[in-house]
**Student:** 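Have a look at the structure that comes next, please.
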Amino acid sequence: YSNYNLWTTTGRPSNSFGTVNFAALPPEKRKAIVPENNYLVEFDFDAYHLRLIADLVDYKFGETSVHEHLAEHYGCSYEESKQRTFKLLYGGIDKETREKVPFFDKVYNYINKKWNEINRYNSVSTDIYKRKLIYENYQDLNQNKVFNYLIQAYETESNIKKILLIQDYLLEKKTKLVLYGYDSFLFDFSQQDGVETLKDIKSILEAGINLENKHYTKSKMGLNYGVMQDITTRL
């Protein structure tokens with residue numbers, strides 16, 4: 001029953017039905033969502049933004065945890081790695097980090113390239129559907145804002161491609177995609193379709209636009225959206 005508005009400033013769709021934003025429901029309200037079939041199954045992307053950025057800058061994290069991979073370059077703990085990474089992404093990348101962490105050197109070059117592009121041509125295009133972001137349409141534009149808009153546009157366009165493939169795959173099945181939440185997808189799963197259906201959905205979601213860079217997911221199952229059990233190892 002949710003509605004998605006694709007025409008937002010960032011290019012990332014907003015979600016609502018009346019006053020309810022289904023993509024940002026608090027845990028206690030999630031319990032109200034129950035399956036019409038047998039179970040709700042959610043696939044949640046692991047470190048999705050970082051893997052999407054890796055696509056854009058042509059960097060390969062491989063199968064290992066993204067935060068563990070970066071922690072090795074920083075020389076710090078897993079938890080500290082997560083904090084440091086998001087601080088760098090949204091607060092600026094210093095020279096010392098660029099020299100020490102190859103991923104951030106590539107990110108820094110990408111940010112500058114796109115900033116120069118929008119200043120020179122008055123617009124910059126999104127990576128998949130080539131939608132133009134025009135300078136005059138934004139207030140107080142800076143390098144980080146352009147970067148964030150391009151990431152969110154790439155996330156949305158990548159997900160739209162995944163949704164189209166999933167809808168085609170599920171066309172003759174009882175299992176349905178019922179909620180899209182940016183880095184997660186919720187399905188109303190029918191046991192009649194068999195567990196192979198969930199494995200196929202997982203494969204579709206994890207295949208990145210760049211086939212060498214998979215987008216790994218974790219999965220949960222439950223009788224309502226508020227109480228879900230991890231089933232990642234079963235798929």
Side-chain angles (χ1 to χ4, degrees), residues 1-17 20-25 30 33 40-61 63 65-66 85-86 89-90 107 110 114 124-133 145-171 173 175-189 197-221 225 228 231-232 235:
Y1 298 97
S2 57
N3 300 308
Y4 294 92
N5 170 27
L6 289 167
W7 306 107
T8 60
T9 304
T10 63
R12 193 186 217 198
S14 61
N15 170 289
S16 67
F17 180 76
V20 180
N21 178 359
F22 283 102
L25 282 175
R30 288 186 172 200
I33 299 179
L40 292 176
V41 178
E42 183 182 49
F43 291 88
D44 192 0
F45 285 109
D46 180 55
Y48 196 29
H49 263 199
L50 289 168
R51 288 194 181 274
L52 289 170
I53 293 167
D55 285 352
L56 293 175
V57 303
D58 193 26
Y59 185 86
K60 294 172 180 59
F61 281 117
E63 294 183 33
S65 159
V66 169
T85 294
F86 290 108
L89 281 176
Y90 302 111
V107 173
Y110 177 86
K114 294 301 178 181
V124 64
S125 296
T126 61
D127 283 77
I128 298 174
Y129 290 122
K130 306 304 177 189
R131 183 171 60 85
K132 283 189 174 182
L133 307 185
K145 281 188 178 180
V146 172
F147 179 50
N148 285 330
Y149 294 162
L150 287 171
I151 296 169
Q152 292 189 42
Y154 184 63
E155 172 197 72
T156 302
E157 293 176 358
S158 178
N159 286 343
I160 286 172
K161 279 185 167 289
K162 293 177 194 289
I163 288 168
L164 291 170
L165 290 170
I166 285 166
Q167 297 291 52
D168 280 346
Y169 172 74
L170 294 177
L171 194 59
K173 297 179 183 290
T175 298
K176 301 297 175 191
L177 172 62
V178 292
L179 182 64
Y180 159 57
Y182 311 130
D183 62 354
S184 67
F185 292 76
L186 184 68
F187 294 85
D188 184 347
F189 172 61
T197 295
L198 295 179
K199 290 180 178 179
D200 289 342
I201 289 170
K202 178 183 173 78
S203 295
I204 292 169
L205 289 175
E206 290 190 346
I209 302 301
N210 175 349
L211 296 178
E212 293 180 13
N213 271 2
K214 286 184 71 176
H215 298 154
Y216 295 95
T217 62
K218 296 174 182 176
S219 43
K220 293 182 283 189
M221 175 185 278
Y225 192 29
M228 309 275 277
I231 59 166
T232 305
L235 300 179

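Excluded from the calculations below are hydrogen atoms, water molecules and symmetry mates; all remaining heavy atoms, backbone and side chain alike, are included.
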**Student:** Could you please spell out the steps behind the side chain to side chain contact (heavy atoms under 4.5 Å, CB included) verdict for L56 and V107?
**Tutor:** CA-CA 9 Å; L56 293 175; V107 173; over 6 Å; no
**Student:** Using side-chain heavy atoms (C-beta onward) and a distance below 4.5 Å, is Y154 in contact with T126?
**Tutor:** no
**Student:** Measure the spacing between NZ of K162 and CD of E206 and express it to the nearest 0.5 Å.
**Tutor:** 8.5 Å
**Student:** Kindly check if the number of other-residue, nucleotide or ligand heavy atoms within 6.0 Å of NZ (K173) is above 12?
**Tutor:** yes
**Student:** A side-chain contact here means heavy atoms from C-beta on lying under 4.5 Å apart; do I33 and L25 qualify?
**Tutor:** yes
**Student:** Say whether H49 and D183, considering side chains only, have a donor N or O and an acceptor N or O under 3.5 Å apart.
**Tutor:** no
**Student:** My understanding is that only residues two or more places apart in sequence, or in another chain, count here; which of them pass salt bridge (charged side-chain N to carboxylate O under 4.0 Å, His left out) with R30?
**Tutor:** none
**Student:** Taking the side chain from S16 and the backbone from V20, do they hold a donor-acceptor pair closer than 3.5 Å?
**Tutor:** no
**Student:** Keeping the roles fixed (side chain from K202, backbone from T232), state whether a donor-acceptor pair exists under 3.5 Å.
**Tutor:** no
**Student:** Just so I know, are the side chains of D168 and L164 near enough to count as touching, which here means a heavy-atom distance under 4.5 Å?
**Tutor:** no
**Student:** Taking side chain to side chain donor-acceptor pair (under 3.5 Å) as the definition, give me every residue that meets it alongside N21, ordered by chain and number, with sequence neighbours left out.
**Tutor:** none
**Student:** Can you see which heavy atom on D127 is nearest to which on Y110, and at what distance?
**Tutor:** OD1-OH, 3.4 Å
**Student:** Determine whether S158 and Y48 satisfy the following criterion, side chain to side chain contact (heavy atoms under 4.5 Å, CB included), listing intermediate values before the conclusion.
**Tutor:** CA-CA 11 Å; S158 178; Y48 196 29; 3.9 Å; yes
**Student:** Counting C-beta onward and ignoring hydrogens, is there a side-chain heavy-atom pair between F189 and M221 closer than 4.5 Å?
**Tutor:** yes
**Student:** Counting N and O atoms only, with roles assigned by atom type, does the side chain of K176 sit under 3.5 Å from a partner on the main chain of D188, one being a donor and the other an acceptor?
**Tutor:** no
**Student:** Between N159 (side chain only) and Y182 (backbone N and O only), is there a donor and an acceptor less than 3.5 Å apart?
**Tutor:** yes
**Student:** Using side-chain contact (heavy atoms from CB on, under 4.5 Å) as the criterion, point out the one residue from V178, L205, D44 that pairs with F185.
**Tutor:** L205
**Student:** With a 4.5 Å cut-off on side-chain heavy atoms, are L170 and F187 touching?
**Tutor:** yes
**Student:** Between L235 and I201, is a side chain to side chain contact (heavy atoms under 4.5 Å, CB included) present by the stated rule, with each step listed?
**Tutor:** CA-CA 10 Å; L235 300 179; I201 289 170; over 6 Å; no
**Student:** Looking at H215 and D55, what are the two nearest heavy atoms and their distance?
**Tutor:** NE2-OD2, 2.8 Å
**Student:** Can you list, pair by pair, the side-chain donor-acceptor contacts under 3.5 Å of residues 146-153, counting residues two or more places apart and other chains?
**Tutor:**
residue : atom : partner : partner atom : Å
N148    : ND2  : N144    : O            : 3.2
Q152    : OE1  : T10     : OG1          : 3.3

**Student:** For F45 and L52, run side chain to side chain contact (heavy atoms under 4.5 Å, CB included): C-alpha distance rounded to whole Å, both residues' side-chain angles, the deciding distance at 0.1 Å, then the answer.
**Tutor:** CA-CA 11 Å; F45 285 109; L52 289 170; over 6 Å; no
**Student:** Just how far is it from atom CZ of F61 to atom CG of D46, taken to the nearest 0.5 Å?
**Tutor:** 11.0 Å
**Student:** Quick one: pull up OG in S219 and CE in M228 and give me the separation to the nearest 0.5 Å.
**Tutor:** 9.5 Å
**Student:** Of all the heavy-atom pairs spanning A23 and G181, show the shortest one and how long it is.
**Tutor:** CB-CA, 4.3 Å
**Student:** With side chains defined as the heavy atoms from C-beta onward, is the minimum distance between I53 and Y59 less than 4.5 Å?
**Tutor:** no
**Student:** Residues in side chain to side chain donor-acceptor pair (under 3.5 Å) with T85, at least two apart?
**Tutor:** Y74
**Student:** With sequence neighbours left out, write down each residue that passes side chain to side chain donor-acceptor pair (under 3.5 Å) with Y4, or none if nothing qualifies.
**Tutor:** N15
**Student:** Between T8 and S14, is there a donor-acceptor pair closer than 3.5 Å when you use the side chain of the first and the backbone of the second?
**Tutor:** no
**Student:** Enter the distance from Y169:OH to I204:CD1 here, rounded to the nearest 0.5 Å.
**Tutor:** 6.5 Å
**Student:** How many angstroms lie between atom CG of L186 and atom CZ of F43, to the nearest 0.5 angstrom?
**Tutor:** 10.5 Å
**Student:** Does R51 reach the side chain of Y216, with side-chain heavy atoms less than 4.5 Å apart?
**Tutor:** yes
**Student:** Are T175 and V41 close enough that some pair of their side-chain heavy atoms sits under 4.5 Å apart?
**Tutor:** no
**Student:** Which heavy atom of T156 sits nearest a heavy atom of R12, and at what distance?
**Tutor:** OG1-CA, 3.4 Å
**Student:** Taking side chain to side chain donor-acceptor pair (under 3.5 Å) as the definition, give me every residue that meets it alongside Y225, ordered by chain and number, with sequence neighbours left out.
**Tutor:** E42
